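What follows is a set of notes on a single structure, which appears directly below.
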Amino acid sequence: MIRKVLIALGSIFALLAAALLVVIFFPQVLPPSVPNPWAALAVKPLRGGAYWVQGGISNTGFIIGDKGVIVIDAQFFAVTAQHELQQLAKLTSLPVNAIILTHSDPDHVNSLPAFPRGTPIFAHENTKADMLAALSDPHIRWISRPTPEMKNYLPTQLVRDRLELDVDGVHLVLLHFAPAHTNGDVIVYLPALKLVYAGDLLTPEVGPYPGIHAEKHGNSAGWIETVRGMLALDADLFVAGHGELQTREQVQVRLQAAQQRRAMIQSMAAAHKSLAEVKAAFADPPLTGIASRFPTFTDTTYAEFTGTHDSP
Ligand SMILES: [Zn+2]
């Protein structure tokens with residue numbers, strides 16, 4: 001009897017191990033909506049000591065100062081964050097002295113525990129509230145669930161509208177304009193480098209329109225206000241949360257596209273068109289990858305104008 005159980009357990013273990021090896025070496029077997037923790041990272045220099053890290057699930061960044069490194073956003077998976085730290089170690093032996101979070105989505109915060117415990121963490125106060133809620137949410141999807149260790153990595157320095165600071169010789173301005181992608185968005189502005197890390201306020205990988213998390217009180221009008229605020233800064237290079245770097249002109253095009261789309265949805269909602277009719281009029285291609293799990297800009301904006309929040 002015991003022998004049979006052991007054999008059964010052994011076969012289950014062997015099957016799981018084989019599946020894991022297949023996923024590690026052939027990640028393309030994963031359906032496109034499942035993130036791949038082993039995706040390659042590319043660390044790319046921007047200006048001064050500023051870099052952006054492309055790959056993983058979301059883009060991240062770091063700035064090498066005179067005594068330490070400022071990290072912008074953590075990765076989704078610990079293995080990706082460890083990979084990023086290994087890449088960083090090739091550039092400098094300085095320690096990570098600060099972490100700044102652009103917002104609370106799990107692909108930007110969940111691997112904070114891969115960083116040294118006790119590192120100051122800067123974020124908007126609503127981002128801290130979202131992170132606390134995620135720790136205790138029994139309904140959160142397994143892939144979005146933070147580890148219990150996250151309770152030791154909650155933001156320690158809170159931003160409301162604006163926080164100017166100098167870290168290791170780097171002058172930074174953290175700005176929150178309005179609820180946009182979430183109600184805890186913070187952009188990182190480096191005036192000396194004319195550079196902005198924008199987090200998921202900019203997601204060119206997903207398409208021409210913004211992503212709004214209505215469940216985190218994001219808002220299309222706030223997104224427009226935020227991007228106008230961003231464009232009012234003396235900056236000409238913008239690091240997106242997902243996808244390629246953006247120029248001023250590209251950000252302006254995104255702003256115009258969102259304004260136009262929002263105005264059209266507003267007038268169609270006022271004419272009592274259904275969401276299906278609105279979507280049929282636009283005939284957008286479906287979102288791909290992780291983005292396919294989330295409502296589109298049309299879904300969330302229509303819900304804003306009609307007071308319905310039952311979009312997918
Ligand atoms: Zn996000």
Side-chain angles (χ1 to χ4, degrees), residues 33-37 39 52-61 71-77 80-81 84 99-112 121-135 137 140-141 143-146 150 153 155 159 174-188 196-220 222-224 226-227 230 238-246 251 254 258 287-297 299-301 311-312:
S33 63
V34 175
N36 171 18
W52 71 297
V53 183
Q54 187 180 31
I57 307 305
S58 49
N59 296 333
T60 54
V71 168
I72 297 157
D73 280 348
Q75 297 279 350
F76 201 162
F77 296 108
T80 325
E84 178 176 335
I99 300 171
I100 303 169
L101 303 176
T102 59
H103 65 294
S104 63
D105 284 353
D107 54 327
H108 296 255
V109 306
N110 270 16
S111 67
L112 279 170
I121 300 174
F122 294 79
H124 193 273
E125 54 191 21
N126 292 334
T127 288
K128 181 178 180 181
D130 286 345
M131 290 169 70
L132 273 167
L135 268 170
D137 182 356
I140 196 165
R141 284 183 296 228
I143 202 148
S144 301
R145 186 177 296 283
M150 188 66 98
Y153 286 85
V159 183
L174 309 186
L175 292 162
H176 169 84
F177 296 92
H181 176 65
T182 70
N183 66 355
D185 304 317
V186 161
I187 67 161
V188 183
V196 168
Y197 290 90
D200 283 5
L201 292 163
L202 301 177
T203 51
E205 188 175 76
V206 178
Y209 301 104
I212 305 287
H213 288 306
E215 78 285 7
K216 290 184 177 179
H217 310 288
N219 179 278
S220 64
W223 185 89
I224 289 167
T226 298
V227 174
M230 216 156 72
F238 301 83
V239 182
H242 299 265
E244 295 295 327
L245 291 179
Q246 299 285 286
V251 177
R254 295 185 71 78
L287 298 181
T288 57
I290 297 184
S292 64
R293 295 158 170 246
F294 296 99
T296 63
F297 184 64
D299 289 317
T300 55
T301 307
S311 48

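The structure displayed is predicted, hence computed values, not measured ones. Side chains are part of it too, since the values below use all heavy atoms of this structure and drop only hydrogens, waters and symmetry mates. As the structure lists them, so they are numbered: ligands from 1, and atoms in each ligand from 1.
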Open item on the list: I'd like to check the side chain to side chain contact (heavy atoms under 4.5 Å, CB included) partners of Glu215; sequence neighbours left out, ordered by chain and number.
Closed with: His213
- [ ] Over all heavy atoms of both residues, which pair between Ala198 and Ile187 is shortest? Give the atoms and the distance, please.
- [x] CA-CG2, 4.2 Å
Task: Distance (rounded to the nearest 0.5 Å) between Leu202 CG and Met230 CE - done: 4.0 Å
TODO: Just jot down the ring pair (Phe, Tyr, Trp, His ring centres under 6.0 Å) partners of His103, sequence neighbours excluded, or say none.
DONE: His108, His181
TODO: May I ask you to decide if Asp107's main-chain N or O and Asn110's side chain share a donor-acceptor pair within less than 3.5 Å?
DONE: no
Open item on the list: At less than 2.8 Å, how many protein N/O/S atoms surround the Zn ion (ligand 1)? Leave waters out.
Closed with: 4
TODO: Could you tell me which residues satisfy salt bridge (Lys or Arg N to Asp or Glu O under 4.0 Å) with Asp130, sequence neighbours excluded, listed by chain and number?
DONE: none
